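One structure below.
In this text, all values refer to a predicted model and were calculated from it rather than measured experimentally. Each chain gets a letter, A, B and so on, in the order its sequence line appears, and its residues count up from 1.
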There are 2 protein chains.
Amino acid sequence: MSLKITIADIANELNTTPATVSRALNDHPSISVKRKEIVREAAERLQYKRNKIASSLRLGQSGIIGVIIPSAEINFFGSVVHGIESIANKSGYNILIYQSNESSEHEAKGIETFLSARVDGIMVSIAKDTKEYSHFIAAKKSNIPIVFFDRANINLGINSVLIDDYKGAFIATQHLIEQGYKRIAHISGPSHLKIFNDRLQGYIGALKENNINVDGELIFQGDVSVEAGRSGIQHFLKLSNPPDALFAVEDFTALGAIKELKDNNISIPNDFGVIGFANEKFGEHITPTLSTIDQQTVQMGKESFLLLMQLMNDGQTNVAIDKNVILDPIPIFRNSSMRNLK
Amino acid sequence: MSLKITIADIANELNTTPATVSRALNDHPSISVKRKEIVREAAERLQYKRNKIASSLRLGQSGIIGVIIPSAEINFFGSVVHGIESIANKSGYNILIYQSNESSEHEAKGIETFLSARVDGIMVSIAKDTKEYSHFIAAKKSNIPIVFFDRANINLGINSVLIDDYKGAFIATQHLIEQGYKRIAHISGPSHLKIFNDRLQGYIGALKENNINVDGELIFQGDVSVEAGRSGIQHFLKLSNPPDALFAVEDFTALGAIKELKDNNISIPNDFGVIGFANEKFGEHITPTLSTIDQQTVQMGKESFLLLMQLMNDGQTNVAIDKNVILDPIPIFRNSSMRNLK
DNA sequence: GTGAAAGCGCTAACAA
DNA sequence: TTGTTAGCGCTTTCAC
């Protein structure tokens, strides 16, 4: 049972004081080079590990960033966390993870936990069922830097990193138009969520820009799911004047649509073009390969952390900063919509 | 700039002492119910948040579990983390994430960081390129509970939670035999990693059990990648007596194999059966749907945490515990190997 | 260039 | 049932 070595132990060993040892280990300029070496050698020899808790208490900062995600099981968020971690580590920060499981309550508890843990900053992607934002307001009041990523509420005065959903949807729809499809449908997501509404608007915007009539019949209220994709297509095929292309709100929705189209022996992309959104991994492995819009997940993680860093630094100088990062969506055109290639 | 409220502030407010406030907030039995209420009310009113850092320093435990994974971007690990977090949270623990990026150095730095952060326990899935284990030995020496999951080194006397790769491979191979395939091939993974070697042995074991000759020609040294799957099939098809089925070391390998088989107009599963390992999400969406072996990722996370909890408790009572959890792989038979269904 | 001493905020003996 | 006191391990001001 090796007891933990402290700087006092080292000081003892070297007949000096904790203060000197502390300074030496922190590379303080007023300590002689020789002494620094001696101290470091002793620390090494005694297997000293700095007690970061004590250090944090004294310094008033923990070196920890709290990240709230809906679920680590969702690829997208794992990828963002990867982005965050990859650069946070280099800056000497560590990442505390909290899952909201799409629940507002858990989310609030996560904030609470982080505040208590005295994290130096918080990053959040808002839970789907969060409609009440007092926990964020509370966090803001206690002056802790906080950044939203991917899912934000822009009315709280909290900075955010998002991708441009409107633009992504616009590009996707424009692409279908350019491929010569004439009646382009959309399966949308839950409309109370901004990201999904933005995609709907992007779809509409592209149609208008091309002087194409927006037909309400061609907009199916769906969800992020294979089933919604199937239902949407079932609905569309019943129309007297059915569509010949689909911009789906998400890749899984697009996948369901493709399955249903295949079941109806409709040829993709010849008779029907499909494009999704998210760039899920399966997209390049299904037949036909799925056209989609990439959301730059890793980049999003990095940008979020950088923004948080700015907030943390500026917080010290009391300079308010208002910066929202909008990432460009990246179109990935594959076989499901590339009619010209066939 | 609202300064942080401390228990001293509350004590002041109520004309009592920090000790009493602390006890009240911690629901200490010797404090009267009335006073507890008063204290809690004041804490609420003043927006007090317990400083967990100070508490940790005093108590000598942080309530934090350190988790080292190769990458948060890999689905598998996100899923395990989900499992860990879902139950750790309920037990009042938080999760500090560290990515090794498959590098031994980063891994060692992660251990270092965790030791310094005084985490209460560590969970690790070993990086691919780790061949030197001194950082784990160091961790063990400093008496911190530590658990390996998925990727372990069983020679370090560190407890682990694994799935039974041998059994999974055995089941997969047995299944192909039962489907009437006669010459069953295997594309293996890097042989220095135990999990891949176990799968190879499981494959061999099943053949022997069924009195089938193990043909070295039918074992292709590959990797976890689409390319390895393609190369493997290319190799096999050149044989004078090619195989009619494949157990691939991983789903992506199986995917590559399927692509190559399709390119060669070989009908799956009629003329060639394929089964993978891992139950990646894309498996149920490709054509044909992919048979595979599920690794119980979420369950693995939960079991790992439970094991760690045991170690943490037993550490206090100085009872050594030696327990390794082996999870059962779950076969998922889909179209790529279900000849009888067609 | 180094030491003495105080204190970050909390909890737990011990005392009353 | 509550208060007094000490101390977790570190950093930093002030003094020398």
[X] has an atom [atom1]; how far is it from atom [atom2] of [N], in whole Å?
X: B/Asp9; N: C/dC8; atom1: CG; atom2: P; value: 11 Å
X: B/Leu57; N: D/dA6; atom1: CG; atom2: P; value: 18 Å
X: A/Asn12; N: C/dT2; atom1: CG; atom2: C1'; value: 16 Å
X: A/Gln61; N: D/dC10; atom1: CD; atom2: C1'; value: 14 Å
X: B/Lys34; N: D/dT1; atom1: NZ; atom2: P; value: 12 Å
X: B/Arg118; N: D/dG9; atom1: CZ; atom2: C1'; value: 9 Å
X: B/His28; N: D/dT2; atom1: NE2; atom2: P; value: 12 Å
X: B/Ile5; N: C/dC10; atom1: CD1; atom2: P; value: 10 Å

Taking any heavy-atom pair under 4.0 Å as a contact, classify [X]: base, sugar-phosphate, or nothing.
X: B/Ile31; value: sugar-phosphate
X: B/Leu59; value: sugar-phosphate
X: A/Ser22; value: base
X: B/Thr6; value: sugar-phosphate

Side chain to side chain contact (heavy atoms under 4.5 Å, CB included) assessment of A/Ile95 paired with A/Ile84: CA-CA 8 Å; A/Ile95 301 299; A/Ile84 298 170; 3.6 Å; yes

Would you indicate which nucleotide in [options] comes nearest to any side-chain atom of [X]?
X: A/Ser55; options: C/dG9, D/dC10, D/dC14; result: D/dC10
X: B/Thr16; options: D/dG3, C/dC10, D/dG9; result: D/dG3
X: B/Arg23; options: C/dC14, C/dG9, D/dC14; result: C/dC14
X: A/Asn51; options: D/dG9, C/dA4, C/dC10; result: D/dG9
X: B/Ser32; options: D/dT1, C/dG3, C/dC10; result: D/dT1
X: A/Arg35; options: D/dC8, D/dC10, C/dT2; result: C/dT2
X: B/Ser30; options: D/dG3, D/dT1, C/dG9; result: D/dT1

Contact nearer the 5' end of DNA chain C, comparing A/Ala19 with B/Lys49: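 First, find each residue's nearest nucleotide; the 5'-ward one identifies A/Ala19.
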
Within a reach of under 6.0 Å around CD of B/Glu105, are more than 12 heavy atoms found that belong to other residues, nucleotides or ligands?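 Not more than 12 within 6.0 Å, no.
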
Determine whether more than 12 heavy atoms belonging to other residues, nucleotides or ligands lie under 6.0 Å from atom NZ of B/Lys302.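 12 or below, so no.
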
Got A/Phe305 and A/Ser91 here, is their nearest side-chain heavy-atom distance under 4.5 Å?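 In short, these two side chains touch, coming nearer than 4.5 Å.
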
Side chains of A/His135 and A/Glu112 in contact at under 4.5 Å (non-hydrogen atoms):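 In short, these two side chains do not touch, never coming nearer than 4.5 Å.
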
Between B/Ile158 and B/Asn153, does a side chain to side chain contact (heavy atoms under 4.5 Å, CB included) hold up when you go through it step by step? CA-CA 8 Å; B/Ile158 290 176; B/Asn153 180 319; over 6 Å; no

For C/dG3, does either OP1 or OP2 sit under 4.0 Å from a side-chain N or O belonging to A/Thr20?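 So the side-chain polar atoms of A/Thr20 do come within 4.0 Å of the phosphate oxygens OP1 or OP2 of C/dG3, strictly under.
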
